[in-house]
Structures are given as C-alpha cells and as structure tokens.
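Each residue takes its place number in the sequence, starting with 1. Whatever order the structure lists them in is the order used to number ligands and atoms, beginning at 1.
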Amino acid sequence: MPTLFERIVAREIPADIVFQDDRVTAFRDIHPRAPVHILIVPNKPIPTANDVADEDEALIGHLYTVARELARREGIAESGYRLIVNCNSDGGQEVYHLHLHLLGGKPLGPMVASKAQ
Ligand code: AMP
C-alpha cells in the first residue's frame with residue numbers, strides 16, 4: 001500500500017504543492033500549526049528517521065536545502081523558523097513517510113510543551 005504522502009507525491013490526491021523535483025516534494029500541511037507550515041518529504045517512502053540508510057545522506061541533506069530555499073521564499077528566513085522530524089509514537093509521528101516540518105511566521109515558543117519529567 002502506498003503511503004498517503006506517496007500518493008501526494010504522485011499527485012493522486014490533492015495537496016498544495018509548493019516545490020517538487022526528482023527527489024523531494026514539499027506541500028502545505030493540511031492542519032497548519034503556524035502561518036507557514038510546509039512538509040518536505042522524500043519522494044521515496046522512508047518510513048521513519050530510524051530507517052534512514054547510509055545511501056540516503058545526500059537525499060536528507062537535500063530536504064534541508066529545499067527547506068532553506070522555501071524559508072527564503074516564504075519570507076521567514078530572517079525572522080526564523082523551526083525544522084522538525086517526528087519519529088514513532090513518543091515523537092508524535094502520524095504519517096509513516098519521513099517528512100521535515102518547516103514552521104514559521106510567528107514566535108513558536110518553547111521547543112517542547114513540557115519539562116523533561
Ligand atoms: P507527523 O505527526 O510528524 O507525522 O505529521 C504529519 C502531518 O501531516 C500532520 O501535521 C498533518 O496535519 C499532516 N497531514 C496529514 N494529512 C495530510 C494531507 N492530506 N495533506 C497535507 N498534510 C497532511
């Protein structure tokens with residue numbers, strides 16, 4: 001079964017795609033947590049951060065250069081932004097197709113909501 005994000009990459013289901021090349025696709029989150037909330041996903045389905053292989057290093061780096069470019073385009077590079085990858089249940093991962101959240105456009109507050117314990 002293709003993941004939800006594979007189907008977005010293949011344009012089988014609609015999404016507000018803001019960037020796509022042969023390696024990654026970026027689209028606006030359907031439930032934005034900030035004025036700018038874009039998901040940047042590898043076109044190939046890596047389920048979680050645990051599944052990143054040595055040969056994926058360039059691909060993962062590309063997610064970050066696309067994030068940098070989108071932050072510039074969205075006008076948040078100077079004000080600042082947050083890049084997040086959630087992994088598995090404690091990380092709050094909902095979609096098991098690796099993705100980088102690009103969040104910005106307002107002060108984002110503390111990195112996590114609660115204290116360590
Ligand atoms: P995560 O919790 O890191 O797995 O994040 C998954 C994200 O995907 C959430 O922020 C959802 O709002 C977002 N999402 C789920 N379905 C869609 C969709 N069809 N289009 C865009 N974003 C989606």
- Item | Pairwise ring pair (Phe, Tyr, Trp, His ring centres under 6.0 Å) hits with a residue in residues 47-91, at least two apart |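 Counting only pairs at least two positions apart or across chains, no ring pair (Phe, Tyr, Trp, His ring centres under 6.0 Å) contact touches residues 47-91.
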
- Task: Enumerate the protein residues lying less than 4.0 Å from ligand 1, judged by heavy-atom distances, in chain and residue-number order.
- Result: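 Correct list: Leu4, Phe5, Ile8, Phe27, Arg28, Asp29, Ile30, His31, Arg33, Leu39, Asn86, Gly92, Gln93, Glu94, Val95, His99, His101.
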
- Query: Quick one: do Ile38 and Leu59 end up in the same hydrophobic cluster if we chain Ile, Leu, Val, Met, Phe, Trp and Tyr together by side-chain heavy atoms under 4.5 Å apart?
  - Reply: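 As far as the 4.5 Å side-chain criterion goes, Leu59 and Ile38 are connected within one cluster.
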
- Item | N-O pairing of Arg72 and Glu78 below 4.0 Å |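 So Arg72 does not pair with Glu78 through a salt bridge.
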
- Query: With sequence neighbours excluded, what pairs up with Asn86 under the side-chain contact (heavy atoms from CB on, under 4.5 Å) test?
  - Reply: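 With sequence neighbours excluded, Asn86 shows a side-chain contact (heavy atoms from CB on, under 4.5 Å) to Ile84, Gln93, His101, given in chain and number order.
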
- Taking only residues two or more places apart in sequence, or in another chain, which ones meet Glu12 in a side chain to side chain donor-acceptor pair (under 3.5 Å)?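 Applying side chain to side chain donor-acceptor pair (under 3.5 Å) to Glu12 gives Arg7.
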
- Item | Between CG on residue Asp29 and CG on residue Leu103, distance to nearest 0.5 Å |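 That separation rounds to 8.0 Å.
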
